[in-house]
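Small disclaimer: the values here were computed from a predicted structure and weren't measured. Each chain gets a letter, A, B and so on, in the order its sequence line appears, and its residues count up from 1.
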Amino acid sequence: VTEHFDHLVVGGGFAGGRAIQALTKLAPSARLGLVCAEVLLPYDRTVVSKSLLSGAASTSVAPLVDYSANEALTVYLGDAAVGLDAADHEVTLSSGEKLQYNSLLIATGVRARRLPGDECHYLRTVADAVRLRPSLIPGSRVVIVGGGFIGCEVASAAAAAGARVTILERENALLGAFIGEALGSVVARHLTAQGVEIVTSFDVAAVVRSTVESHDGRRITGDAVVAGIGVETDAAWMPAVCGSSGVQVDSFCATGVADIWAAGDVTSWWSERYQRYVRVQHESSAQQQGLAAARNMAGRRTPFDALPYVWCQLNGLEVWQVGLPGRVAVPEIWTDGAAIVGVTETADGISSAIGINAPERLAAARAVLEGRSRDGLFSGLRRVPETRCQVVPS
Amino acid sequence: LSQEFVRVADSRLLREGEAVTVDANGREVLLARAAGRVYAVSNLCSHAEGWLEFGTVHVASCEIECPLHQGRFDLQTGAATAEPCIDPIPAYVAYEDDDGIYVETRSGDDA
(Lines give C-alpha, C1' and ligand atoms only; values in the text may rest on other atoms or scores of the structure.)
Protein backbone atom coordinates (compact mmCIF):
# COMPACT_ATOMS: atom_id res chain seq x y z
CA VAL A 1 0.00 0.00 0.00
CA THR A 2 1.30 3.44 -0.84
CA GLU A 3 -0.05 6.46 1.00
CA HIS A 4 0.49 9.99 -0.20
CA PHE A 5 0.95 13.04 2.03
CA ASP A 6 1.31 16.76 1.47
CA HIS A 7 3.54 16.96 4.53
CA LEU A 8 5.15 13.84 6.01
CA VAL A 9 6.92 14.09 9.36
CA VAL A 10 9.23 11.22 10.28
CA GLY A 11 9.98 11.23 13.99
CA GLY A 12 7.64 11.46 16.96
CA GLY A 13 9.73 13.45 19.41
CA PHE A 14 9.55 17.10 20.35
CA ALA A 15 10.52 18.41 16.90
CA GLY A 16 8.13 16.18 14.98
CA GLY A 17 5.32 16.64 17.46
CA ARG A 18 5.59 20.42 17.39
CA ALA A 19 5.84 20.42 13.60
CA ILE A 20 2.57 18.50 13.26
CA GLN A 21 0.96 20.86 15.77
CA ALA A 22 2.06 23.86 13.70
CA LEU A 23 1.16 22.32 10.32
CA THR A 24 -2.30 21.49 11.64
CA LYS A 25 -2.77 25.20 12.19
CA LEU A 26 -0.87 26.59 9.20
CA ALA A 27 -2.00 24.09 6.56
CA PRO A 28 -5.46 23.01 7.72
CA SER A 29 -6.47 21.32 4.48
CA ALA A 30 -3.20 19.43 3.96
CA ARG A 31 -2.87 15.65 4.30
CA LEU A 32 -0.39 15.10 7.13
CA GLY A 33 1.52 11.95 8.05
CA LEU A 34 3.46 11.30 11.26
CA VAL A 35 5.78 8.34 11.82
CA CYS A 36 6.62 7.51 15.45
CA ALA A 37 9.15 4.79 16.24
CA GLU A 38 7.79 4.60 19.76
CA VAL A 39 4.29 3.32 20.42
CA LEU A 40 3.37 6.69 21.90
CA LEU A 41 2.24 9.94 20.32
CA PRO A 42 4.78 12.76 20.74
CA TYR A 43 5.17 13.61 24.43
CA ASP A 44 7.26 15.84 26.66
CA ARG A 45 10.53 13.90 26.62
CA THR A 46 12.02 15.90 29.50
CA VAL A 47 9.90 13.87 31.93
CA VAL A 48 12.02 10.79 31.13
CA SER A 49 14.95 12.01 33.22
CA LYS A 50 13.05 14.50 35.36
CA SER A 51 9.68 13.62 36.91
CA LEU A 52 9.20 10.08 35.59
CA LEU A 53 12.01 8.54 37.66
CA SER A 54 10.32 9.51 40.89
CA GLY A 55 8.36 6.54 42.20
CA ALA A 56 5.43 8.82 42.88
CA ALA A 57 4.97 9.80 39.25
CA SER A 58 2.43 8.19 36.98
CA THR A 59 4.02 6.33 34.10
CA SER A 60 1.37 7.46 31.64
CA VAL A 61 2.43 10.46 29.61
CA ALA A 62 0.10 12.82 27.82
CA PRO A 63 0.62 13.73 24.16
CA LEU A 64 1.99 17.22 23.56
CA VAL A 65 -1.34 18.22 22.04
CA ASP A 66 -4.59 16.51 21.06
CA TYR A 67 -3.49 15.04 17.75
CA SER A 68 -6.81 13.23 17.28
CA ALA A 69 -8.49 16.57 16.61
CA ASN A 70 -6.94 16.69 13.13
CA GLU A 71 -8.82 14.29 10.87
CA ALA A 72 -6.37 14.93 8.02
CA LEU A 73 -3.52 13.45 10.10
CA THR A 74 -2.47 9.80 9.78
CA VAL A 75 -0.18 8.51 12.53
CA TYR A 76 2.05 5.44 12.28
CA LEU A 77 2.91 4.27 15.81
CA GLY A 78 5.66 1.78 16.62
CA ASP A 79 6.99 1.97 13.10
CA ALA A 80 10.26 3.47 11.93
CA ALA A 81 11.60 4.72 8.64
CA VAL A 82 14.08 2.28 7.14
CA GLY A 83 14.55 3.74 3.66
CA LEU A 84 14.43 7.05 1.83
CA ASP A 85 14.14 7.46 -1.92
CA ALA A 86 14.67 11.20 -2.34
CA ALA A 87 14.23 11.12 -6.13
CA ASP A 88 10.86 9.35 -5.91
CA HIS A 89 9.82 11.26 -2.77
CA GLU A 90 9.17 8.05 -0.88
CA VAL A 91 9.87 6.77 2.63
CA THR A 92 9.75 3.07 3.47
CA LEU A 93 8.77 1.94 6.98
CA SER A 94 9.91 -1.18 8.81
CA SER A 95 6.38 -2.55 8.42
CA GLY A 96 6.88 -2.43 4.65
CA GLU A 97 4.51 0.47 4.16
CA LYS A 98 5.58 3.05 1.58
CA LEU A 99 4.74 6.71 2.16
CA GLN A 100 5.00 9.34 -0.56
CA TYR A 101 5.39 13.02 0.25
CA ASN A 102 5.29 16.42 -1.34
CA SER A 103 7.43 17.70 1.49
CA LEU A 104 9.25 15.65 4.13
CA LEU A 105 10.44 16.64 7.58
CA ILE A 106 13.12 14.43 9.11
CA ALA A 107 12.91 14.67 12.90
CA THR A 108 14.16 11.28 13.97
CA GLY A 109 16.38 12.57 16.76
CA VAL A 110 19.30 10.63 18.11
CA ARG A 111 19.83 7.52 20.20
CA ALA A 112 21.86 7.01 23.33
CA ARG A 113 25.49 6.11 22.74
CA ARG A 114 26.15 2.59 23.99
CA LEU A 115 28.94 1.14 26.07
CA PRO A 116 30.62 -2.14 25.18
CA GLY A 117 28.69 -4.92 26.88
CA ASP A 118 24.93 -4.87 27.15
CA GLU A 119 23.95 -4.86 30.81
CA CYS A 120 23.24 -1.19 30.94
CA HIS A 121 20.24 1.08 31.20
CA TYR A 122 20.01 4.08 28.88
CA LEU A 123 17.53 6.88 29.17
CA ARG A 124 15.84 8.24 26.10
CA THR A 125 12.22 7.12 26.15
CA VAL A 126 9.35 6.52 28.55
CA ALA A 127 9.96 2.78 28.11
CA ASP A 128 13.57 3.27 29.26
CA ALA A 129 12.40 5.11 32.38
CA VAL A 130 9.79 2.46 33.16
CA ARG A 131 12.48 -0.24 32.92
CA LEU A 132 14.83 1.66 35.22
CA ARG A 133 12.36 2.71 37.91
CA PRO A 134 12.15 -0.62 39.81
CA SER A 135 15.91 -0.36 40.45
CA LEU A 136 15.57 3.01 42.15
CA ILE A 137 14.53 1.75 45.59
CA PRO A 138 15.92 2.09 49.11
CA GLY A 139 19.17 0.19 49.54
CA SER A 140 19.60 -0.60 45.88
CA ARG A 141 23.04 0.22 44.50
CA VAL A 142 22.89 2.32 41.33
CA VAL A 143 26.02 3.05 39.30
CA ILE A 144 25.80 5.91 36.80
CA VAL A 145 28.31 6.21 33.99
CA GLY A 146 28.70 9.82 32.88
CA GLY A 147 28.39 13.01 34.93
CA GLY A 148 26.59 15.11 32.35
CA PHE A 149 23.09 16.54 32.60
CA ILE A 150 21.36 13.15 32.28
CA GLY A 151 23.72 11.43 34.72
CA CYS A 152 23.22 14.16 37.31
CA GLU A 153 19.43 14.04 36.99
CA VAL A 154 19.33 10.26 37.32
CA ALA A 155 21.64 10.44 40.34
CA SER A 156 19.42 13.00 42.01
CA ALA A 157 16.26 10.98 41.37
CA ALA A 158 17.87 7.73 42.48
CA ALA A 159 19.19 9.29 45.69
CA ALA A 160 15.79 10.81 46.43
CA ALA A 161 14.31 7.31 46.07
CA GLY A 162 16.73 6.02 48.72
CA ALA A 163 19.18 4.22 46.44
CA ARG A 164 22.95 4.23 47.07
CA VAL A 165 24.30 6.09 44.07
CA THR A 166 27.74 6.35 42.51
CA ILE A 167 28.55 8.57 39.51
CA LEU A 168 31.56 7.61 37.41
CA GLU A 169 32.84 10.60 35.44
CA ARG A 170 35.70 10.48 32.96
CA GLU A 171 36.77 14.11 33.44
CA ASN A 172 37.79 16.00 36.60
CA ALA A 173 34.38 17.44 37.39
CA LEU A 174 30.68 16.88 36.85
CA LEU A 175 29.34 18.90 33.91
CA GLY A 176 32.85 20.29 33.50
CA ALA A 177 32.76 20.46 29.73
CA PHE A 178 29.53 22.44 29.89
CA ILE A 179 29.67 24.79 32.87
CA GLY A 180 33.31 24.59 33.96
CA GLU A 181 34.89 22.82 36.90
CA ALA A 182 34.08 25.44 39.54
CA LEU A 183 30.34 25.46 38.87
CA GLY A 184 30.47 21.73 38.27
CA SER A 185 31.81 21.39 41.79
CA VAL A 186 28.77 23.29 43.12
CA VAL A 187 26.58 20.63 41.54
CA ALA A 188 28.87 17.91 42.92
CA ARG A 189 28.62 19.26 46.47
CA HIS A 190 24.83 19.36 46.20
CA LEU A 191 24.67 15.74 45.04
CA THR A 192 27.21 14.64 47.66
CA ALA A 193 25.01 16.20 50.34
CA GLN A 194 22.22 13.92 49.09
CA GLY A 195 24.48 10.91 49.60
CA VAL A 196 25.73 10.52 46.03
CA GLU A 197 29.28 9.24 45.71
CA ILE A 198 31.22 10.86 42.87
CA VAL A 199 34.26 9.23 41.29
CA THR A 200 36.10 11.41 38.76
CA SER A 201 38.79 10.46 36.22
CA PHE A 202 37.09 7.10 35.79
CA ASP A 203 37.37 6.14 32.13
CA VAL A 204 34.98 3.26 31.46
CA ALA A 205 36.22 0.38 29.33
CA ALA A 206 33.19 -1.91 29.51
CA VAL A 207 30.21 -3.04 31.52
CA VAL A 208 30.21 -6.76 32.30
CA ARG A 209 27.00 -7.93 33.92
CA SER A 210 26.48 -5.13 36.43
CA THR A 211 30.15 -4.37 36.94
CA VAL A 212 31.70 -1.29 35.40
CA GLU A 213 35.38 -1.65 34.54
CA SER A 214 37.76 1.25 33.96
CA HIS A 215 40.70 1.26 31.58
CA ASP A 216 43.05 1.32 34.57
CA GLY A 217 41.53 -1.82 36.08
CA ARG A 218 39.10 -0.45 38.68
CA ARG A 219 35.76 -2.26 39.07
CA ILE A 220 32.53 -0.98 40.56
CA THR A 221 29.44 -3.17 40.84
CA GLY A 222 25.84 -2.09 41.21
CA ASP A 223 22.38 -3.62 41.16
CA ALA A 224 21.77 -1.42 38.15
CA VAL A 225 24.06 0.47 35.80
CA VAL A 226 22.84 3.52 33.92
CA ALA A 227 24.88 5.21 31.19
CA GLY A 228 24.47 8.80 30.03
CA ILE A 229 27.48 9.23 27.79
CA GLY A 230 26.14 11.17 24.86
CA VAL A 231 24.22 10.32 21.73
CA GLU A 232 24.71 9.08 18.21
CA THR A 233 22.83 9.46 14.94
CA ASP A 234 21.12 6.71 12.96
CA ALA A 235 22.10 7.81 9.47
CA ALA A 236 21.92 4.44 7.73
CA TRP A 237 18.38 4.74 6.37
CA MET A 238 18.91 8.18 4.80
CA PRO A 239 22.42 8.39 3.26
CA ALA A 240 21.20 11.00 0.78
CA VAL A 241 20.86 13.63 3.51
CA CYS A 242 22.67 12.39 6.61
CA GLY A 243 26.22 11.67 7.66
CA SER A 244 27.66 10.77 11.04
CA SER A 245 27.39 14.40 12.14
CA GLY A 246 23.68 14.58 11.42
CA VAL A 247 21.47 16.08 8.75
CA GLN A 248 22.92 19.40 7.66
CA VAL A 249 20.32 22.14 7.19
CA ASP A 250 20.41 25.84 6.38
CA SER A 251 18.92 28.61 8.50
CA PHE A 252 15.48 27.71 7.19
CA CYS A 253 15.65 24.00 8.12
CA ALA A 254 16.12 22.96 4.45
CA THR A 255 18.52 20.13 3.62
CA GLY A 256 19.32 21.20 0.07
CA VAL A 257 17.78 17.96 -1.22
CA ALA A 258 14.51 18.75 -2.97
CA ASP A 259 11.52 19.01 -0.61
CA ILE A 260 13.34 17.57 2.40
CA TRP A 261 13.57 19.51 5.65
CA ALA A 262 14.96 18.51 9.02
CA ALA A 263 14.58 19.64 12.63
CA GLY A 264 15.59 18.67 16.13
CA ASP A 265 18.45 16.64 17.57
CA VAL A 266 19.22 14.98 14.24
CA THR A 267 20.24 18.25 12.60
CA SER A 268 23.44 20.16 12.31
CA TRP A 269 22.13 23.64 11.49
CA TRP A 270 23.74 26.70 10.01
CA SER A 271 23.81 29.44 12.62
CA GLU A 272 24.12 33.03 11.51
CA ARG A 273 24.88 33.83 15.13
CA TYR A 274 27.88 31.51 15.29
CA GLN A 275 28.75 31.55 11.57
CA ARG A 276 29.11 27.80 11.56
CA TYR A 277 27.07 24.62 11.72
CA VAL A 278 26.05 23.81 15.27
CA ARG A 279 24.55 20.74 16.83
CA VAL A 280 22.40 21.17 19.92
CA GLN A 281 20.50 18.34 21.53
CA HIS A 282 18.31 20.06 24.08
CA GLU A 283 14.53 20.06 24.14
CA SER A 284 14.10 23.76 23.66
CA SER A 285 15.99 23.82 20.35
CA ALA A 286 14.12 20.74 19.14
CA GLN A 287 10.75 22.30 19.88
CA GLN A 288 11.60 25.66 18.33
CA GLN A 289 13.21 24.15 15.26
CA GLY A 290 10.23 21.84 14.75
CA LEU A 291 7.94 24.85 14.77
CA ALA A 292 10.28 26.82 12.49
CA ALA A 293 10.52 23.95 10.01
CA ALA A 294 6.73 23.70 9.87
CA ARG A 295 6.42 27.41 9.21
CA ASN A 296 8.91 27.07 6.36
CA MET A 297 7.14 24.00 4.96
CA ALA A 298 3.89 25.95 5.00
CA GLY A 299 5.50 28.77 3.05
CA ARG A 300 6.15 31.19 5.92
CA ARG A 301 9.87 31.78 5.55
CA THR A 302 11.21 31.68 9.10
CA PRO A 303 14.88 31.57 10.07
CA PHE A 304 15.85 29.41 13.03
CA ASP A 305 18.79 30.58 15.10
CA ALA A 306 17.65 30.19 18.69
CA LEU A 307 20.13 30.51 21.52
CA PRO A 308 20.85 27.04 22.87
CA TYR A 309 19.15 26.60 26.25
CA VAL A 310 19.31 23.67 28.65
CA TRP A 311 17.94 23.20 32.14
CA CYS A 312 18.41 20.54 34.74
CA GLN A 313 16.52 19.78 37.96
CA LEU A 314 18.42 18.19 40.83
CA ASN A 315 16.08 18.00 43.79
CA GLY A 316 16.49 21.51 45.17
CA LEU A 317 19.13 22.69 42.73
CA GLU A 318 18.06 24.04 39.37
CA VAL A 319 20.67 24.71 36.72
CA TRP A 320 20.21 26.48 33.40
CA GLN A 321 22.66 27.34 30.67
CA VAL A 322 22.16 29.63 27.69
CA GLY A 323 24.60 29.71 24.78
CA LEU A 324 27.30 27.34 23.63
CA PRO A 325 30.14 26.97 26.12
CA GLY A 326 32.87 26.20 23.62
CA ARG A 327 36.08 25.32 25.38
CA VAL A 328 35.37 26.41 28.92
CA ALA A 329 37.97 28.88 30.11
CA VAL A 330 38.21 31.67 32.68
CA PRO A 331 34.66 31.44 33.96
CA GLU A 332 33.31 34.36 35.94
CA ILE A 333 31.24 33.47 38.97
CA TRP A 334 28.96 35.81 40.91
CA THR A 335 26.75 35.03 43.88
CA ASP A 336 24.74 36.41 46.77
CA GLY A 337 24.98 33.18 48.74
CA ALA A 338 21.76 31.75 47.36
CA ALA A 339 21.76 32.30 43.59
CA ILE A 340 24.89 31.69 41.54
CA VAL A 341 25.49 33.09 38.06
CA GLY A 342 28.48 32.33 35.90
CA VAL A 343 29.65 32.87 32.37
CA THR A 344 32.03 30.89 30.20
CA GLU A 345 34.32 32.73 27.84
CA THR A 346 36.14 31.97 24.65
CA ALA A 347 38.48 34.16 22.62
CA ASP A 348 35.39 35.81 21.12
CA GLY A 349 33.99 36.84 24.49
CA ILE A 350 31.19 35.44 26.62
CA SER A 351 30.02 32.17 25.11
CA SER A 352 27.42 31.03 27.59
CA ALA A 353 25.75 32.02 30.84
CA ILE A 354 24.86 29.64 33.63
CA GLY A 355 22.42 30.12 36.50
CA ILE A 356 22.12 27.96 39.58
CA ASN A 357 18.92 28.62 41.52
CA ALA A 358 18.63 31.88 39.58
CA PRO A 359 15.48 31.56 37.44
CA GLU A 360 14.85 35.30 37.44
CA ARG A 361 18.13 36.03 35.65
CA LEU A 362 17.49 33.97 32.52
CA ALA A 363 16.23 36.90 30.45
CA ALA A 364 19.25 38.98 31.49
CA ALA A 365 21.46 36.09 30.35
CA ARG A 366 19.80 36.12 26.95
CA ALA A 367 20.46 39.87 26.72
CA VAL A 368 24.14 39.30 27.45
CA LEU A 369 24.46 36.53 24.87
CA GLU A 370 22.73 38.66 22.27
CA GLY A 371 25.17 41.47 22.99
CA ARG A 372 22.45 43.81 24.22
CA SER A 373 23.40 44.47 27.79
CA ARG A 374 25.40 43.18 30.72
CA ASP A 375 23.15 44.94 33.19
CA GLY A 376 20.97 42.71 35.26
CA LEU A 377 22.83 39.44 34.98
CA PHE A 378 25.13 40.20 37.91
CA SER A 379 23.20 42.97 39.69
CA GLY A 380 23.12 42.55 43.44
CA LEU A 381 25.72 39.78 43.31
CA ARG A 382 29.40 39.85 44.24
CA ARG A 383 32.13 38.27 42.16
CA VAL A 384 33.96 35.37 43.75
CA PRO A 385 37.25 33.91 42.61
CA GLU A 386 36.68 30.80 40.57
CA THR A 387 38.83 28.68 42.84
CA ARG A 388 36.95 29.78 45.94
CA CYS A 389 33.42 29.17 44.80
CA GLN A 390 32.45 27.16 47.87
CA VAL A 391 28.88 28.37 47.96
CA VAL A 392 26.28 25.77 48.75
CA PRO A 393 23.04 27.35 47.58
CA SER A 394 20.30 27.32 50.14
CA LEU B 1 7.14 58.58 19.48
CA SER B 2 3.98 58.23 17.45
CA GLN B 3 1.07 55.88 17.74
CA GLU B 4 -1.20 54.87 14.95
CA PHE B 5 -3.39 51.92 14.13
CA VAL B 6 -3.27 49.55 11.22
CA ARG B 7 -5.98 47.16 10.10
CA VAL B 8 -4.55 43.67 10.46
CA ALA B 9 -7.38 41.20 10.00
CA ASP B 10 -10.98 40.49 9.23
CA SER B 11 -12.96 39.80 12.40
CA ARG B 12 -13.99 36.37 11.10
CA LEU B 13 -10.32 35.32 11.15
CA LEU B 14 -10.29 35.24 14.93
CA ARG B 15 -12.69 32.94 16.71
CA GLU B 16 -13.35 32.80 20.44
CA GLY B 17 -10.53 31.11 22.35
CA GLU B 18 -8.16 31.11 19.40
CA ALA B 19 -4.94 32.88 18.50
CA VAL B 20 -3.52 33.87 15.11
CA THR B 21 -0.55 35.88 14.00
CA VAL B 22 -0.77 38.91 11.76
CA ASP B 23 1.64 41.34 10.25
CA ALA B 24 1.38 44.82 11.75
CA ASN B 25 3.67 47.03 9.69
CA GLY B 26 6.39 44.37 9.57
CA ARG B 27 6.00 43.23 13.15
CA GLU B 28 4.59 39.76 13.86
CA VAL B 29 1.79 40.24 16.35
CA LEU B 30 -0.32 37.63 18.06
CA LEU B 31 -4.07 38.26 18.14
CA ALA B 32 -6.20 36.34 20.60
CA ARG B 33 -9.89 36.47 21.40
CA ALA B 34 -11.13 35.88 24.92
CA ALA B 35 -14.69 36.53 26.09
CA GLY B 36 -15.37 38.30 22.82
CA ARG B 37 -12.56 40.84 23.19
CA VAL B 38 -9.52 41.00 20.95
CA TYR B 39 -6.04 41.25 22.46
CA ALA B 40 -2.66 41.78 20.79
CA VAL B 41 0.73 40.81 22.19
CA SER B 42 4.13 39.85 20.82
CA ASN B 43 4.18 36.37 19.29
CA LEU B 44 7.49 35.50 20.94
CA CYS B 45 7.73 34.13 24.47
CA SER B 46 10.25 35.95 26.69
CA HIS B 47 11.45 32.72 28.28
CA ALA B 48 12.76 30.56 25.44
CA GLU B 49 11.43 32.31 22.38
CA GLY B 50 8.57 29.94 21.67
CA TRP B 51 5.92 31.08 19.20
CA LEU B 52 2.82 31.78 21.24
CA GLU B 53 0.54 31.29 18.20
CA PHE B 54 0.83 27.55 18.83
CA GLY B 55 -0.07 27.90 22.49
CA THR B 56 -3.38 27.80 24.32
CA VAL B 57 -5.72 30.71 25.00
CA HIS B 58 -7.20 30.56 28.49
CA VAL B 59 -10.40 32.51 28.11
CA ALA B 60 -11.51 32.72 31.75
CA SER B 61 -8.21 34.10 33.00
CA CYS B 62 -7.40 36.03 29.81
CA GLU B 63 -3.99 34.36 29.39
CA ILE B 64 -1.96 32.84 26.59
CA GLU B 65 0.05 29.72 27.47
CA CYS B 66 3.34 29.11 25.65
CA PRO B 67 3.51 25.72 23.90
CA LEU B 68 7.10 25.08 24.91
CA HIS B 69 7.26 25.21 28.70
CA GLN B 70 3.71 26.05 29.78
CA GLY B 71 4.53 29.55 31.02
CA ARG B 72 1.73 32.10 30.67
CA PHE B 73 1.18 35.78 29.92
CA ASP B 74 -1.69 38.14 30.62
CA LEU B 75 -3.16 38.99 27.21
CA GLN B 76 -4.09 42.51 28.27
CA THR B 77 -0.80 43.63 29.81
CA GLY B 78 1.77 41.12 28.55
CA ALA B 79 2.81 40.42 32.15
CA ALA B 80 4.17 36.96 32.89
CA THR B 81 1.66 35.09 35.03
CA ALA B 82 3.06 31.56 35.28
CA GLU B 83 6.57 30.17 35.59
CA PRO B 84 8.98 29.62 34.01
CA CYS B 85 8.06 32.94 32.38
CA ILE B 86 9.14 35.91 34.47
CA ASP B 87 9.66 38.82 32.11
CA PRO B 88 6.75 40.46 30.30
CA ILE B 89 6.19 40.46 26.56
CA PRO B 90 5.11 43.57 24.64
CA ALA B 91 1.35 44.12 24.61
CA TYR B 92 -0.29 46.30 22.00
CA VAL B 93 -3.53 48.21 21.97
CA ALA B 94 -6.05 46.46 19.73
CA TYR B 95 -9.63 47.27 18.85
CA GLU B 96 -12.33 45.93 16.61
CA ASP B 97 -15.06 47.64 14.63
CA ASP B 98 -17.34 46.68 11.77
CA ASP B 99 -14.43 46.75 9.32
CA GLY B 100 -12.12 44.43 11.21
CA ILE B 101 -9.35 44.28 13.78
CA TYR B 102 -6.84 47.08 14.32
CA VAL B 103 -3.53 47.05 16.18
CA GLU B 104 -1.42 50.00 17.25
CA THR B 105 1.90 50.42 15.51
CA ARG B 106 4.54 52.26 17.43
CA SER B 107 7.58 53.86 15.95
CA GLY B 108 10.58 55.09 17.85
CA ASP B 109 10.82 52.12 20.16
CA ASP B 110 11.26 48.45 19.70
CA ALA B 111 9.07 47.32 22.54
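The contact list for residues 73-85 of chain B toward chain A, using heavy atoms and a distance under 4.5 Å, is empty. Of residues 24-34 of chain A, those residues lying under 4.5 Å from chain B by any heavy-atom pair are A:Lys25, A:Leu26.
Interface remark: B:His47 contributes backbone and side-chain atoms alike to the contact with chain A (heavy atom separation under 4.5 Å). Only the side chain of A:Thr302 comes within contact range of chain B, with at least one heavy atom under 4.5 Å from a heavy atom of that chain.
Contact between B:Asp87 and A:Ala363 at its shortest, heavy atoms only, is OD2-CB, 2.8 Å.
In terms of modelled atom types and a separation under 3.5 Å, the side chain of A:Gln288 and the main chain of B:Ala48 share a donor-acceptor contact. Formation of a donor-acceptor pair under 3.5 Å by the A:Gln21 side chain with backbone atoms of B:Phe54 is found in this model.
Inter-residue side-chain proximity for A:Arg300 and B:Thr21 is flagged as met; some heavy-atom pair is nearer than 4.5 Å. Residues A:Leu291 and B:Leu68 form a side-chain contact, since some pair of their non-hydrogen atoms from C-beta on lies under 4.5 Å apart.
One distance of note links CD of A:Glu283 with NE2 of B:His69; it measures 3.0 Å at 0.5 Å rounding.
A salt bridge links B:Glu28 with A:Arg295: the distance from a Lys NZ or Arg NE/NH1/NH2 to an Asp or Glu carboxylate oxygen falls below 4.0 Å.
No side-chain donor-acceptor contact under 3.5 Å links A:Arg366 and B:Ser46.
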